[in-house]
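Down below is the structure, laid out as structure tokens.
Small disclaimer: the values here were computed from a predicted structure and weren't measured.
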Amino acid sequence: LQPYVNEYGISKLTEQAQRDKMHEMMVTMQKLEIGIMAQDDPDYPDSLRNIQAPPPLLFYRGDPSCLRGKCVAVVGSRKASPQGMDVTTRLCSELSRAGVCIISGLAMGIDTAAHEGCLEGGSPTAAILGCGIDVEYPIENVELKERIVKNGGVLLSEYPPGCHANRHVFQVRNRIISGLAKALLMMESRIQSGSMLTVHHALDQGREVYAYPGVPGTEWAEGAHQRV
């Protein structure tokens, strides 16, 4: 197994520990009202404490108390079909009206539809980022990030401000998405994808996993019809 705190993560934490960088980070956190919690903090999500390699620190913007209620993670392809996007939005809206907090990763495609649906339903939504909270990624969802915070939700990351995204970071981040939820819903996904990695994390963590069947035989339905 690859270590969750890899050389890149260590280098970023070490870089932020330098006096000038630390000051810069603190200014950013104050400006954007970014908080930080450790595992012994009472606000640290209980659902994460017992997963494999729980994040030692969590940076957040917004209200993390939304993670104490009923939470369902929704994941899927960045290149989703129009049908998949529509179903995700409507389903998450209905769950939201029932008081469920939808957790996803703020990526384009299914993640965006999940957050939008939750906001439409009136419940707060949680976005788990694979970069620093101050980083405008993806650039298309900068406005969505603001709406999430404004509507009582939370932006959450184990990476400090200024930390940019890369492929490995997203793979590591996915264990938090599944770990925070009572259940995981996988929408459209290819077999070789980050969404399927999140499914495996969820199964290892003892979470209930559901899959939207989509249209069998299409690339979007590969993950749902794979035996895991």
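Here the shortest heavy-atom pairing between A211 and L185 reads N-CD1, 4.2 Å. P124 and G152 make their closest contact through CB-O, 3.3 Å (heavy atoms, listed as atom of the first residue, atom of the second, distance). Residues V74 and I110 come closest through the heavy atom pair CG1-CG2, 4.2 Å. Counting all heavy atoms, side chain and backbone alike, V149 lies closest to G62 at CG1-CA, 4.1 Å. Of all the heavy atoms in V75 and L184, the pair that sits closest is CG2-CD2, 4.1 Å. Smallest separation of non-hydrogen atoms from A126 and C101: N-SG, 4.0 Å.
Not counting sequence neighbours, S195 has no partner by the side-chain hydrogen bond (donor to acceptor under 3.5 Å, both in side chains) test. With sequence neighbours excluded, the residues satisfying side-chain hydrogen bond (donor to acceptor under 3.5 Å, both in side chains) with Y210 are E208. Qualifying side-chain hydrogen bond (donor to acceptor under 3.5 Å, both in side chains) partners for N141, counting only residues two or more places apart in sequence or in other chains: T112. Every residue meeting the side-chain hydrogen bond (donor to acceptor under 3.5 Å, both in side chains) condition with R147, not counting sequence neighbours, appears here in chain and number order: E116, E143.
Side-chain atoms of R49 come within 3.5 Å of backbone N or O of Y44 as a donor-acceptor pair. Checked by atom type and distance alone, the side chain of R207 never pairs as donor or acceptor with a backbone atom of A73 at under 3.5 Å. Between the S96 side chain and the S123 main chain, a donor and an acceptor come within less than 3.5 Å of each other. Side chain of R78 to main chain of A107: no donor-acceptor pair is present (N/O by atom type, distance under 3.5 Å, no hydrogens or angles). Listed for the R97 side chain is no donor-acceptor partner under 3.5 Å among the backbone atoms of G122. Between the side chain of E188 and the main chain of Q83, no donor-acceptor pair closer than 3.5 Å is present.
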Any chance you could lay out the side-chain contact (heavy atoms from CB on, under 4.5 Å) test for I103 and L156, step after step, and finish with the verdict? CA-CA 10 Å; I103 299 171; L156 201 69; over 6 Å; no

Output, in order, the C-alpha distance, side-chain angles, deciding distance and verdict of side-chain contact (heavy atoms from CB on, under 4.5 Å) for Y159 and L129. CA-CA 8 Å; Y159 298 100; L129 310 182; over 6 Å; no

If you apply the rule side-chain contact (heavy atoms from CB on, under 4.5 Å), what do you find for M196 with M186, and how did you get there? CA-CA 8 Å; M196 290 304 294; M186 197 274 291; 4.0 Å; yes

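With respect to L180, the side chain to side chain contact (heavy atoms under 4.5 Å, CB included) criterion is satisfied by exactly one of D46, V72, I51, I128: I128.
Residues I133 and M26 are members of one and the same hydrophobic cluster, defined by side-chain heavy-atom contacts under 4.5 angstrom among Ile, Leu, Val, Met, Phe, Trp and Tyr. No single ILVMFWY cluster, assembled from side-chain heavy atoms under 4.5 Å apart, contains both M108 and L155.
With rounding to the nearest 0.5 angstrom, the OG1 atom of T198 is 11.0 Å from the CG atom of L203. M187 CE to S104 OG: the interatomic distance, rounded to the nearest 0.5 Å, is 10.5 Å. Summarising the geometry, atom CD1 belonging to I176 is positioned 7.0 Å from atom OG belonging to S157; distances are rounded to the nearest 0.5 Å. Remark: R173 CZ to S178 OG distance equals 10.5 Å, nearest 0.5 Å. For the atom pair I102 CD1 and K70 NZ, the distance stands at 11.0 Å (nearest 0.5 Å). Interatomic distance, Q52 CD to H201 NE2, rounded to the nearest 0.5 Å: 8.5 Å.
Using a 4.5 Å cut-off on side-chain heavy atoms (C-beta onward), L67 and S47 make no contact. L58 is listed as a side-chain neighbour of P45, based on a closest heavy-atom distance under 4.5 Å. Contact check for L106 versus K145: side-chain heavy atoms found under the 4.5 Å cut-off. With a 4.5 Å cut-off on side-chain heavy atoms, M25 and T28 do not count as touching.
In the model, E120 has a side-chain atom that pairs as donor or acceptor with a side-chain atom of S93 under 3.5 Å.
Using a 4.5 Å cut-off between side-chain heavy atoms of Ile, Leu, Val, Met, Phe, Trp and Tyr, V142 falls into a hydrophobic cluster with I139.
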Give the table of side-chain donor-acceptor pairs shorter than 3.5 Å for residues 29-43, with sequence neighbours excluded, one pair per line with atom names and distance.
unit_1: D41; atom_1: OD1; unit_2: D43; atom_2: N; d: 2.8
unit_1: D43; atom_1: OD1; unit_2: R68; atom_2: NH2; d: 2.8

